[in-house]
Amino acid sequence: FPVTIRVNVIPKEKRIGRLGEVYQFLLSDEAKKKYRWVFIDSLTEISQNLVECLQAEFPDRKDSLVLYGENSKRLRSLVKSFRDLPHYNVIFTALSVIDKDESGMRFTTIDLVGNFASKLPGFFDEVVFMSVDQDGIRFLVTESTDRAVAKDRSGRLDKLEVPDLSCNSRVRSLPSG
């Protein structure tokens with residue numbers, strides 16, 4: 001059977017700008033009539049791409065502190081802009097990474113460039129972590145553990161949920177906005 005390999009045809013240096021175009025389109029009546037859900041996949045890739053773009057803006061090593069500050073500022077603005085889009089349910093994904101706290105305790109966090117990752121969960125009502133059990137079954141963790149950040153401000157989800165966005169799922173039925 002034929003295999004389709006999708007190649008990202010948008011050059012790296014134009015991808016962040018393309019997100020702005022997508023945002024503007026989502027504000028249009030045409031988009032509002034057609035879509036109810038927006039998936040941003042993934043913040044990890046967006047963060048990495050943003051840093052690459054900023055490195056062109058701030059090529060001197062002495063500007064690295066400014067670069068990372070600008071990265072956090074722009075990423076925060078992007079997240080808030082899409083999160084606050086009227087009419088839509090917006091889902092962001094990101095990769096995870098294992099990190100250590102001051103005491104050497106390992107925990108799972110969001111894989112973003114810079115320190116914005118620690119602030120990101122505060123921007124949302126629902127933060128879930130996808131995990132896999134020993135049998136390869138995927139599930140969503142909706143409450144924080146000693147190893148990962150998660151939360152369910154709706155109070156409507158079980159501690160572990162099936163990753164299901166079908167019409168009848170509890171995850172999909174959460175209030176929007």
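- The shortest non-hydrogen separation linking Ser42 to Ala94 is CB-CA, 4.2 Å.
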Candidate pair Thr142 and Asp158, rule side chain to side chain contact (heavy atoms under 4.5 Å, CB included), full reasoning: CA-CA 7 Å; Thr142 66; Asp158 290 336; 5.9 Å; no
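- Using cut-offs of 30° and 60° on the angle between ring planes, the pair Phe124 and Phe92 is tilted.
- Atom CD1 in Ile40 sits 5.5 Å away from atom CD1 in Ile46 (nearest 0.5 Å).
- Residue Phe107 holds its CZ atom at 11.5 Å from OG of Ser96, rounded to the nearest 0.5 Å.
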Candidate pair Val132 and Ile137, rule side chain to side chain contact (heavy atoms under 4.5 Å, CB included), full reasoning: CA-CA 5 Å; Val132 181; Ile137 306 296; over 6 Å; no
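- Two residues are said to be in side-chain contact when any heavy atoms from C-beta on lie closer than 4.5 Å; Arg106 and Asp99 fail this criterion.
- Nearest heavy-atom pair, Leu43 versus Leu78, reported as atom, atom and distance to 0.1 Å: CD2-CD2, 4.5 Å.
- Val149 has its side chain out of reach of Thr108: every pair of non-hydrogen atoms, C-beta onward, lies at least 4.5 Å apart.
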From CA spacing to verdict: side chain to side chain contact (heavy atoms under 4.5 Å, CB included), Leu19, Tyr23: CA-CA 6 Å; Leu19 280 171; Tyr23 178 83; over 6 Å; no
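- Closest approach of Lys32 to Leu26, counting heavy atoms only: CG-O, 3.9 Å.
- The main-chain N or O of Arg61 is found under 3.5 Å from a side-chain atom of Ser64 such that the two form a donor-acceptor pair.
- A donor-acceptor pair is defined here as one N or O able to donate and one able to accept, closer than 3.5 Å; such a pair exists between the side chain of Asp101 and the backbone of Ser103.
- Linking ILVMFWY residues whenever their side-chain heavy atoms come closer than 4.5 Å, directly or via other members, places Phe123 and Leu112 in the same cluster.
- In this structure, Ser131 and Arg138 have side chains that are not in contact, with every pair of non-hydrogen atoms separated by 4.5 Å or more.
- Rounded to the nearest 0.5 Å, atoms CG (Leu157) and NZ (Lys159) are 13.5 Å apart.
- The closest donor-acceptor contact from the side chain of Asp152 to the backbone of Arg156 lies under 3.5 Å.
- Residues Leu120 and Val79 share a closest heavy-atom pair of CD1-CG1, 4.0 Å.
- Lys73 NZ: 12 or fewer foreign heavy atoms inside a 6.0 Å radius.
- No donor-acceptor pair under 3.5 Å is formed between the side chain of Ser47 and the backbone N or O of Thr44.
- One side chain, Asp41 or Thr93, offers a donor N or O that lies under 3.5 Å from an acceptor on the other.
- To the nearest 0.5 Å, atom CG of residue Asn89 and atom CH2 of residue Trp37 are 4.0 Å apart.
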Verdict with reasoning, Leu140 to Val162, per side chain to side chain contact (heavy atoms under 4.5 Å, CB included): CA-CA 6 Å; Leu140 300 175; Val162 174; over 6 Å; no
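- Electrostatic pairing of Lys34 and Glu30 does not count as a salt bridge here, judged by no charged N lying under 4.0 Å from a carboxylate O.
- Residue Val127 is not grouped with residue Leu95 when hydrophobic side chains (ILVMFWY) are merged at heavy-atom distances under 4.5 angstrom, including chains of intermediate members.
- You'll find the side chain of Pro121 reaches within 4.5 Å of the side chain of Ile110, heavy atoms only.
- Within a 6.0 Å sphere centred on CG of Leu65, heavy atoms belonging to other residues, nucleotides or ligands number 12 at most.
- Atom-to-atom distance recorded for Phe139:CZ and Met130:CE is 10.0 Å, nearest 0.5 angstrom.
- Taking a 6.0 Å sphere around OH of Tyr68, one finds it holds 12 or fewer heavy atoms contributed by other residues, nucleotides or ligands.
- The number of heavy atoms from other shown groups lying within 6.0 Å of CZ (Phe39) is above 12.
- Annotation for Phe129 and Ala150: closest pair N-CB, 4.5 Å, computed over non-hydrogen atoms.
- Between Tyr35 and Tyr88, the ring centre distance reaches or exceeds 6.0 Å.
- Of the inter-residue distances, the one linking Arg83 atom CZ with Asp125 atom CG reads 8.5 Å to the nearest 0.5 angstrom.
- Contact between Lys151 and Gly122 at its shortest, heavy atoms only, is NZ-CA, 3.8 Å.
- The hydrophobic clustering, which links ILVMFWY residues whose side-chain heavy atoms are closer than 4.5 Å, places Leu50 and Leu67 together.
- In terms of hydrophobic clustering, with Ile, Leu, Val, Met, Phe, Trp and Tyr side chains grouped at heavy-atom distances under 4.5 Å, Ile16 and Phe25 are assigned to a common cluster.
- Other residues, nucleotides and ligands contribute over 12 non-hydrogen atoms within 6.0 Å of the CD atom of Glu57.
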